Structures are given as structure tokens and as C-alpha cells.
Participant: 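What follows is a single structure, and I will ask about it in a moment.
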Amino acid sequence: MAKQQQGPQEKSQDAGKETITPRAKDYAQWYLDVVKQAELAEHSGVRGCMVIRPHGYAIWERMQRELDDRFKATGHVNAYFPLFIPLSYLAKEEQHAAGFAKECAVVTHHRLKTIDGVVQVDPESKLEEPLIVRPTSETVIWAQYKNWIQSYRDLPILINQWANVCRWEMRTRLFLRTTEFLWQEGHTAHATEAEAIEETHRMLGVYADFAENVMAVPVVQGAKSPGERFPGALESLCIEAMMQDGKALQAGTSHYLGQNFAKSSDVKFLNKDGKLEFPYATSWGVSTRLIGALIMTHSDDAGLVLPPKLAPIQIAIVPIYKSDDEKAKVLQEAEAVFNELKGQGLSVKLDAREGMHPGAKYFEWEMKGVPVRIEIGPKDIEKGSLCLVRRYVAEQEGESEQDLRKRKKAFVPRGEALSGMKALLDEMQRQLYERAKAARVRRTRTIDQLADFERFFKDEGGGFAWVHWAGSAEDEDAMAKKYETSVRCIPLASQIPEAARGEGKCIYTGKPSTQRVVMAKSY
RNA sequence: CGGGGCGUAGCUCAGCUUGGUAGAGCGCGUGGUUUGGGACCACGAGGCCGCAGGUUCGAAUCCUGUCGCCCCGACCA
């Protein structure tokens with residue numbers, strides 16, 4: 001009894017409230033909390049596999065739409081190839097097979113049987129040849145291209161597919177790395193090397209444009225070091241984004257595959273001179289990992305923050321009323337506002353749920369990252385104004401929670417609020433990008449001395465370090481062991497800031513170096 | 001594949017040390033009062049305690065086995 005008195009179950013003040021761990025306390029936990037509380041995704045009963053919930057999937061659908069439009073605009077068409085890849089196909093390209101060997105799901109049987117009351121794999125249904133669940137589709141696609149390509153007139157082939165793939169990773173994280181994930185993979189075939197390389201760069205550009213202008217995520221475009229290249233590629237280009245914790249996240253890749261896959265699949269075409277040649281290939285992809293990038297770039301301790309261009313709901317309308325009389329009036333106005341905004345082509349949600357206090361709705365929509373909330377109550381109707389609340393505003397130093405909340409809120413004359421909504425959303429989109437870019441600048445250094453490098457990553461929180469590099473793969477490994485950093489990319493010339501141009505000496509080996517690379521810790 | 005943790009109500013967990021037949025909070029349903037930043041009251045529904053053996057008169061609890069998931073490391077979009 002005395003024992004009981006000593007340790008009463010302390011009731012948390014937040015009991016029952018869904019809470020998010022602050023970023024400063026535990027960034028990894030914060031990420032998991034946001035994913036869960038914003039109802040983006042959750043763990044399934046299957047190891048390493050997630051369920052993407054409607055709100056998360058809606059974001060993916062918007063990404064798909066934006067990307068797909070860009071693929072079409074650059075001349076690509078969609079198609080679909082099989083989930084299963086015969087082992088012999090995958091094995092055709094040696095480097096490729098070796099690269100994926102350790103993470104393949106393998107189908108070996110095709111039937112179940114009830115034996116002693118237990119449903120199990122029928123041992124007699126063993127496949128002659130095992131099937132690999134695609135980790136990527138180069139080999140199945142090129143097996144088909146063999147039939148489609150005979151002449152230079154058949155080229156280029158510019159195909160994309162939206163699909164799921166499976167990579168049996170040891171360690172998984174929601175969106176960032178799961179056993180099964182959704183993505184798109186472009187696979188093109190060209191008559192000349194120059195054209196294929198151009199394509200590789202073009203699609204990297206598409207990704208960069210999408211990341212910066214739609215996701216509002218600034219990226220560095222560059223090439224992977226040989227050790228980080230896609231298995232089977234001659235060159236892998238990538239876009240690298242910086243997350244709020246200073247770590248780099250590869251957000252998209254575009255590979256120049258040369259003639260490797262054409263050769264291994266024995267695909268040849270007759271050129272204008274009547275000579276047989278192997279076509280040149282590219283492949284490029286982005287995945288649901290982008291949702292992870294989105295979260296870790298913009299979101300805050302109150303939950304998800306979405307750029308208007310990707311927000312499944314751009315505006316949430318919350319009606320406020322007491323009496324039935326008020327309720328009728330308020331709902332009428334709320335519906336009118338809803339229809340007017342919808343008529344502008346905006347994505348609006350009228351949250352008329354009953355028995356839920358307005359405050360609870362505010363929290364929910366904030367958690368889910370809705371850019372703008374409109375509160376409509378009797379007072380607003382009386383004044384002919386709307387209460388607009390932004391999900392985020394440009395930061396000010398040393399601002400209190402109260403002041404920040406106040407600053408997000410604005411009472412705007414009705415007509416002005418409605419006619420200015422698009423502009424407001426555009427402005428918020430721009431602000432998000434600027435904020436992310438400023439955050440990256442704050443954590444970016446041009447570094448020449450190893451001691452400074454060490455201090456940057458060990459004491460100053462780290463970020464992107466622009467350093468001269470002329471080391472070998474072994475040197476890179478050694479750096480990784482010591483500082484947990486790696487060469488994230490060798491930036492394209494256009495990406496190099498003024499201060500980081502010119503030649504120098506490798507930060508690690510001291511050898512002469514022609515350009516700087518971006519080093520960082522990474523996801 | 002190593003190291004750790006956890007499987008009890010939809011969720012988070014208590015109960016297990018010292019076996020006696022199932023609990024809390026949240027959520028959910030109904031009714032009422034509420035509603036400008038996470039409402040409250042009343043009543044109610046909801047569990048083969050991961051699974052399989054064993055010990056015992058009796059197992060969520062003890063023993064053995066087994067399955068699954070999560071977290072930390074080695075591999076990766």
C-alpha cells in the first residue's frame with residue numbers, strides 16, 4: 001500500500017493528445033512522429049514494408065502528376081514491364097547482377113498446398129528457374145528492346161514506367177528506405193553516345209526543377225564518385241538535398257549506361273551507314289523517398305509542412321459557431337467560400353465535422369501540413385472578413401510561441417482574401433524554398449584543412465563541406481570511417497558557387513585537385 | 001547477420017518477481033451539455049494475454065520451443 005502511494009501513476013498533461021518529439025531532442029524520433037501523426041504512413045506487419053496512408057499517398061500522387069507531366073513534355077511515354085525478372089536476365093550484366101545480388105527477393109515456388117492442415121509451400125511446385133522480384137528493371141526492359149530495335153529509325157526509345165520495386169535492405173526507415181517502394185524508372189535507348197549523355201543530363205535537370213520548384217527543396221546537381229555509381233552505369237548523376245539535421249539525401253538519380261545493357265542483352269541496330277551498332281542507354285528514377293525529403297526539409301515541431309504545390313489540401317476551412325442559428329449562417333458562408341476557392345482550381349477542404357472543437361481541428365490540419373487555414377465564425381461574417389492562418393511564416397529570431405502564432409494569423413476583407421489566395425500560396429511556396437536554401441547556406445562551408453573539416457562535422461553540427469578531392473575509393477572509405485562522411489557528389493560546373501571554384505589540393509591526400517566535391521554525412 | 005527491446009482491448013501500456021481465471025488512460029458507440037487553439041458528464045461495446053508444448057488442481061504470470069515486429073550496427077534509392 002505504501003508502495004502504491006510512493007509511485008502513483010503520474011498522469012501526463014498531454015495524456016490523450018498526439019504529440020511530436022521536438023527536433024532538437026531527437027531528430028530521428030521527430031521524423032517518425034511526423035510520419036505517424038500526419039498519417040502519412042505506418043509500419044505494416046511485414047518487415048521493412050510500410051503502408052502508405054491516404055494522406056501520404058495523395059502527396060505521392062501529386063508528385064507523380066508533376067513529374068509525369070514533365071516526362072511527357074520531354075517526349076517520354078509510359079509503359080509497364082513485369083514485376084518478375086528471370087534470374088538469367090539479371091545475371092546477363094555482370095556488374096549489375098553483382099551490385100544487386102545481396103538485396104534480391106527470390107521467387108522459387110508457384111503453389112501452396114495444405115499438408116497436415118497447414119497451408120504451406122508445395123515442395124513440388126519448385127520453379128525451373130527462380131524469378132527475382134525487380135530491384136530495378138533494366139534487364140527485363142532491355143530484353144524487350146531487343147525486339148523493338150532494329151534500325152536507327154527505331155531510336156530513340158523514351159519510356160518511363162511507374163512501378164514498385166523490392167530491395168531487401170538490412171535496415172529500413174519509413175519512406176527513406178523500405179523493402180518495397182514505389183518509384184518511376186525511365187529507360188531510354190539512343191543511337192549515339194552524345195544523345196544518351198544529353199538525355200541523362202536533361203532528366204537530371206527535370207528532377208532538379210521538380211525538386212526546387214515543386215518540392216521547394218534546393219538541390220546540388222552532380223555526379224557520383226565511381227564507388228557510388230549505379231551497378232552497370234558508366235556515370236551516375238544525382239541531386240543531393242540537405243536535410244534539417246545537415247545530412248545529405250540523394251533525391252534522384254540519372255544514369256548514363258553506355259552500351260552495357262545493349263551488349264549484355266544483345267541489342268543492335270543498323271545505323272545510317274548500314275553498320276550494326278549497340279545503342280546507348282540511360283535510366284533515371286525517383287522514389288517515394290522524396291516524401292521523406294519533403295518532410296525533413298520543411299516540417300517543424302508542430303508536424304508536417306507542405307509546399308502548396310504538393311499539398312493534397314491547400315486550404316482547410318474551419319467553421320466556428322455556438323447556437324444552431326449561428327451554425328446555419330456560418331456553414332452557409334463556409335460553403336460559399338469553399339465553392340469560390342474550389343472554383344479557382346484550388347484544393348479546399350471544408351471541415352464541418354461536428355462534436356469536435358475548432359482547436360482540435362486546427363491542430364489536426366497543422367499536423368498534416370495544410371498551408372492555409374480559414375477560420376469562419378459569426379464575427380468574421382459580421383465584419384465581412386476572413387481569418388487566414390498560414391502554416392508557416394518567415395522566421396524571426398527570439399520570437400515567442402504566442403507572437404509567432406499571432407503573426408501567422410491575418411484578418412483580411414473577404415473579397416481580398418479570396419482573390420489573393422493564389423498569390424498567397426505562391427508566396428508561401430517561394431518562402432519555403434528560400435527558407436530551405438538559407439538553412440543550407442548556413443550549414444555549408446568551403447573547407448581546405450582537415451582540422452577544420454573535423455571541427456565542422458564533430459563540433460559544429462556538420463552539413464555540406466565543399467572540399468578539394470583527389471582521393472581513391474580507399475581514401476574515401478578511410479574518411480568515412482573517421483568522420484562518417486562521404487563524397488555525396490562531384491558537382492556539375494553550373495552548381496559550383498563562386499567561392500568554391502578553382503583548383504587546389506585534396507583535403508585528404510594533398511594531391512592536386514581540379515575541383516571541389518560535396519562531402520557530407522548521408523541518409 | 002550480430003547486439004538490444006517488445007508481443008496483454010483499435011493505440012500506449014500496467015499486471016508477471018511472490019500462479020487463483022483481465023486492468024488503466026486514450027480512442028470508439030449512444031445520450032446530453034458544449035464549440036474563436038487539443039471539451040465535459042453519464043452509460044456502453046471491445047481481449048483464445050503472439051503461437052505451440054510442458055509443469056500445476058489452476059498459467060498472461062513459471063519452464064521449453066517457435067513465430068513476428070521495432071530499435072542500434074555492417075549494405076543501400
Side-chain angles (χ1 to χ4, degrees), chain A residues 4 7-19 26 28-29 32 36-37 42-50 99-104 118 135-136 165-185 207 224 227-231 236 238-240 248-255 283-293 302 318-324 326-327 330 352-367 373-381 387 389 401-402 405-406 408-409 411 480-481 484 486 522-523:
Chain A
Q4 299 257 334
Q9 277 287 90
E10 199 173 328
K11 248 193 188 173
S12 163
Q13 277 196 319
D14 291 327
K17 291 180 194 170
E18 308 294 354
T19 53
D26 183 345
Q29 188 58 47
L32 288 171
K36 180 161 187 257
Q37 305 301 355
E42 60 194 28
H43 290 288
S44 69
V46 187
R47 180 169 71 99
C49 295
M50 66 176 168
F100 285 106
K102 280 182 281 183
E103 45 188 315
C104 288
V118 180
T136 179
V165 284
C166 187
R167 295 183 187 176
W168 214 269
E169 305 289 353
M170 306 275 68
R171 183 129 155 60
T172 59
R173 300 193 68 183
L174 292 171
F175 288 117
L176 300 177
R177 185 170 302 109
T178 46
T179 302
E180 179 196 14
F181 58 96
L182 305 183
W183 78 346
Q184 59 66 217
E185 45 181 327
Y207 289 154
K224 283 294 179 194
E228 301 244 344
R229 251 176 225 151
F230 176 78
S236 287
C238 61
I239 52 173
E240 294 284 328
L249 182 77
Q250 180 175 312
T253 47
S254 182
H255 313 290
S283 70
W284 28 272
V286 296
S287 72
T288 36
R289 167 180 257 202
L290 288 178
I291 296 173
V318 179
I320 300 157
Y321 50 79
K322 289 196 175 92
S323 64
D324 281 352
E326 275 182 1
K327 178 178 168 184
V330 166
R353 284 176 291 180
E354 304 208 24
M356 196 173 174
H357 280 225
K361 295 179 183 178
Y362 303 164
F363 273 88
E364 181 172 329
W365 297 121
E366 265 168 21
M367 194 103 78
R373 178 174 75 240
I374 303 180
E375 302 172 10
I376 300 178
K379 290 180 204 164
D380 304 297
I381 296 176
C387 175
V389 186
E401 188 87 10
Q402 290 296 316
R405 189 176 275 183
K406 220 176 265 174
K408 287 177 178 169
K409 199 175 266 202
F411 296 91
K481 279 224 173 76
E484 299 178 305
S486 55
S522 73
Y523 277 96

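Lettering follows sequence order; numbering is per chain, from 1. Predicted model, so just to flag it, every value in this text is computed and none were measured.
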Participant: Base, sugar-phosphate alone, or nothing: which one does Leu249(A) contact when heavy atoms must sit under 4.0 Å apart?
Facilitator: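 Touches nothing.
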
Participant: Does OP1 or OP2 of rA39(B) have a side-chain N or O of His357(A) closer than 4.0 Å?
Facilitator: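 For His357(A), the contact criterion (side-chain N or O under 4.0 Å from OP1 or OP2 of rA39(B)) is met.
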
Participant: With a 3.5 angstrom cut-off on both distances, give the Watson-Crick or G-U wobble partner of rG31(B), or none if there isn't one.
Facilitator: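 By the stated definition (distances under 3.5 Å), rC41(B) pairs with rG31(B).
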
Participant: Measure from the side chain of Asp380(A), starting at C-beta and using heavy atoms only, and say which of rU35(B), rA77(B), rG36(B) lies closest.
Facilitator: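 Nearest to the side-chain atoms of Asp380(A), counting from C-beta on, is rG36(B).
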
Participant: What is the nucleic acid contact for Lys327(A), judged by heavy atoms within less than 4.0 Å: base, sugar-phosphate only, or nothing?
Facilitator: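 Nothing, no heavy atom under 4.0 Å.
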
Participant: RNA chain B: Thr288(A) or Arg405(A), which has the more 5' nearest nucleotide?
Facilitator: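 Result: Arg405(A).
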
Participant: Return the nucleotide paired to rG10(B): Watson-Crick means purine N1 to pyrimidine N3 with N6-O4 or O6-N4, wobble means G-U with N1-O2 and O6-N3, both under 3.5 Å.
Facilitator: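 Base partner found: rC26(B).
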
Participant: What pair of heavy atoms forms the shortest contact from Thr253(A) to Tyr207(A), and how long is it?
Facilitator: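 Scanning both residues, the minimum pair turns out to be O-CE1, 3.4 Å.
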
Participant: Roughly how many Å is it from CD in Gln402(A) to C1' in rG37(B), rounded to a whole number?
Facilitator: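 About 10 Å, once rounded to whole Å.
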
Participant: Between Lys224(A) and Glu240(A), does at least one N-O distance fall below 4.0 Å, as a salt bridge requires?
Facilitator: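 Between Glu240(A) and Lys224(A) there is a salt bridge, with a charged N closer than 4.0 Å to a carboxylate O.
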
Participant: Using the P atoms only, state how far rG25(B) lies from rA14(B), rounded to an integer number of Å.
Facilitator: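 rA14(B) and rG25(B) have their P atoms separated by 16 Å.
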
Participant: Determine the Euclidean distance between corresponding C1' atoms of rA24(B) and rG68(B); express it in Å to zero decimal places.
Facilitator: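 Nearest-Å result for rG68(B) against rA24(B) at atom C1': 27 Å.
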
Participant: Could you tell me whether Tyr523(A) contacts a base, only the sugar-phosphate backbone, or nothing, with contacts defined as non-hydrogen atoms closer than 4.0 Å?
Facilitator: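 The residue Tyr523(A) makes no contact with any strand.
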
Participant: Does rG19(B) pair with anything, Watson-Crick or G-U wobble, both distances under 3.5 Å, and if so, with which nucleotide?
Facilitator: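 By the stated definition (distances under 3.5 Å), nothing pairs with rG19(B).
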
Participant: Can you tell me how far C1' of rG38(B) sits from NZ of Lys361(A), to the nearest Å?
Facilitator: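 Result: 13 Å.
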
Participant: Does any N or O donor sit under 3.5 Å from an N or O acceptor when you compare the side chain of Glu366(A) with the base of rG37(B)?
Facilitator: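 Between rG37(B) and Glu366(A), which were checked side chain against base, a qualifying N/O pair under 3.5 Å is present.
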
Participant: How far does the C1' atom of rG47(B) sit from the matching atom of rG5(B), given to the nearest Å?
Facilitator: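 Here rG47(B) and rG5(B) have their C1' atoms 24 Å from each other.
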
Participant: Regarding Tyr523(A) and Gln250(A), do their side chains bring together a donor and an acceptor under 3.5 Å, going by distance alone?
Facilitator: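 No, Gln250(A) and Tyr523(A) have no side-chain donor paired with an acceptor closer than 3.5 Å.
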
Participant: Whom does rU64(B) pair with, Watson-Crick or G-U wobble, provided both distances fall under 3.5 Å?
Facilitator: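 For rU64(B), the partner nucleotide comes out as rA52(B), under the 3.5 Å rule.
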
Participant: Partner of rC1(B) by Watson-Crick or G-U wobble geometry, both contacts under 3.5 Å, or none?
Facilitator: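 Its partner is rG73(B) (Watson-Crick or G-U wobble, both distances under 3.5 Å).
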
Participant: Is any NZ, NE, NH1 or NH2 atom of the basic residue among Glu364(A) and Arg353(A) found under 4.0 Å from an Asp or Glu carboxylate oxygen of the other?
Facilitator: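 Looking at Glu364(A) and Arg353(A), the cut-off is met.
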
Participant: Taking the C1' atom in each of rC1(B) and rG37(B), what is the distance between them to the nearest angstrom?
Facilitator: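 Comparing C1' positions in rC1(B) and rG37(B) gives a spacing of 50 Å.
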
Participant: Which base sits across from rG36(B) as a Watson-Crick or G-U pair, both distances under 3.5 Å?
Facilitator: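 Because no pair has both required distances under 3.5 Å, rG36(B) counts as unpaired.
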
Participant: For Cys49(A), does its backbone N or O pair with a side-chain atom of Ser44(A) as donor and acceptor, under 3.5 Å?
Facilitator: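 At least one qualifying donor-acceptor pair exists.
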
Participant: May I have the distance from Phe363(A) (atom CZ) to rC26(B) (atom P), rounded to whole angstrom?
Facilitator: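 To the nearest whole Å, that distance equals 18 Å.
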
Participant: Between P on rG36(B) and NZ on Lys406(A), what's the gap in Å once rounded to a whole number?
Facilitator: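 Interatomic distance, NZ of Lys406(A) to P of rG36(B): 18 Å.
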
Participant: Roughly how many Å apart are rC57(B) and rG10(B), using the P atom of each and rounding to a whole number?
Facilitator: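 Result for the P pair: 34 Å, nearest Å.
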
Participant: Pick the P atom in rA45(B) and in rC63(B), then give their distance to the nearest Å.
Facilitator: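 Each nucleotide's P atom is 36 Å from the other's.
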
Participant: For Thr178(A), which contact category applies under a 4.0 Å heavy-atom criterion: base, sugar-phosphate, or nothing?
Facilitator: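 If one applies the 4.0 Å heavy-atom cut-off, Thr178(A) turns out to touch a base.
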
Participant: Treat primed atoms plus P, OP1 and OP2 as sugar-phosphate and everything else as base, then score nucleotides 65-71 of chain B 5' to 3': B for base contact with protein heavy atoms under 4.0 Å, S for sugar-phosphate contact only, - for none.
Facilitator: ---SSS-

Participant: How about His255(A) and Ser236(A): does a side-chain donor come under 3.5 Å of a side-chain acceptor?
Facilitator: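 Present: a donor and an acceptor within the cut-off.
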
Participant: In whole Å, what is the span from the CE atom of Met170(A) to the P atom of rA77(B)?
Facilitator: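 Taking CE of Met170(A) and P of rA77(B), I get 15 Å after rounding.
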
Participant: If you look at every strand shown and take non-hydrogen atoms under 4.0 Å, does Glu169(A) touch a base, only sugar-phosphate, or nothing?
Facilitator: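 Here Glu169(A) touches the bases of the nucleic acid.
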
Participant: Give me the distance, rounded to whole Å, that separates rG58(B) from rG15(B) when you measure between the P atoms they each carry.
Facilitator: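 Nearest-Å result for rG58(B) against rG15(B) at atom P: 26 Å.
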
Participant: Look at all strands and tell whether Arg373(A) reaches a base, only sugar-phosphate, or nothing, counting heavy atoms closer than 4.0 Å.
Facilitator: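 The answer is base, as Arg373(A) lies within the cut-off (heavy atoms under 4.0 Å) of a base atom.
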
Participant: Any salt bridge linking Arg373(A) with Glu366(A)? Criterion: basic side-chain nitrogen under 4.0 Å from a carboxylate oxygen.
Facilitator: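 Yes.
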
Participant: Between P on rC75(B) and CZ on Arg167(A), what's the gap in Å once rounded to a whole number?
Facilitator: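 Going from Arg167(A) (CZ) to rC75(B) (P), I get 17 Å.
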
Participant: Would you say that more than 12 heavy atoms from the other residues, nucleotides or ligands in this model lie under 6.0 Å from the CD of Gln29(A), or not?
Facilitator: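 Above 12, so yes.
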
Participant: To the nearest Å, how far apart are Leu182(A) CG and rA77(B) C1'?
Facilitator: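 After rounding, the gap between these two atoms is 13 Å.
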
Participant: On a whole-Å scale, what distance lies between the P atoms belonging to rG20(B) and rU61(B)?
Facilitator: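 Taking atom P in both rG20(B) and rU61(B), they lie 11 Å apart.
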
Participant: Check this for me: does any side-chain nitrogen of one of Lys327(A) and Glu354(A) sit under 4.0 Å from a carboxylate oxygen of the other?
Facilitator: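 Answer for the salt bridge query: yes.
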
Participant: Could you check how far NZ of Lys408(A) sits from P of rG37(B), rounded to whole Å?
Facilitator: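 Computing the Lys408(A):NZ to rG37(B):P distance gives 15 Å.
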
Participant: Ring-on-base stacking between Tyr362(A) and rG38(B), under 5.5 Å between centres and under 30° between planes: is it there?
Facilitator: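 So Tyr362(A) does not count as stacking on the base.
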
Participant: Assign each of Ser287(A) and Pro319(A) to its nearest nucleotide of RNA chain B by heavy atoms, then name whichever residue's nucleotide is nearer the 5' end.
Facilitator: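 Nearer the 5' end of the strand: Pro319(A).
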
Participant: For Glu326(A), check side chain to side chain donor-acceptor pair (under 3.5 Å) against everything at least two apart and list the hits.
Facilitator: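 Checked Glu326(A) against side chain to side chain donor-acceptor pair (under 3.5 Å); zero matches.
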
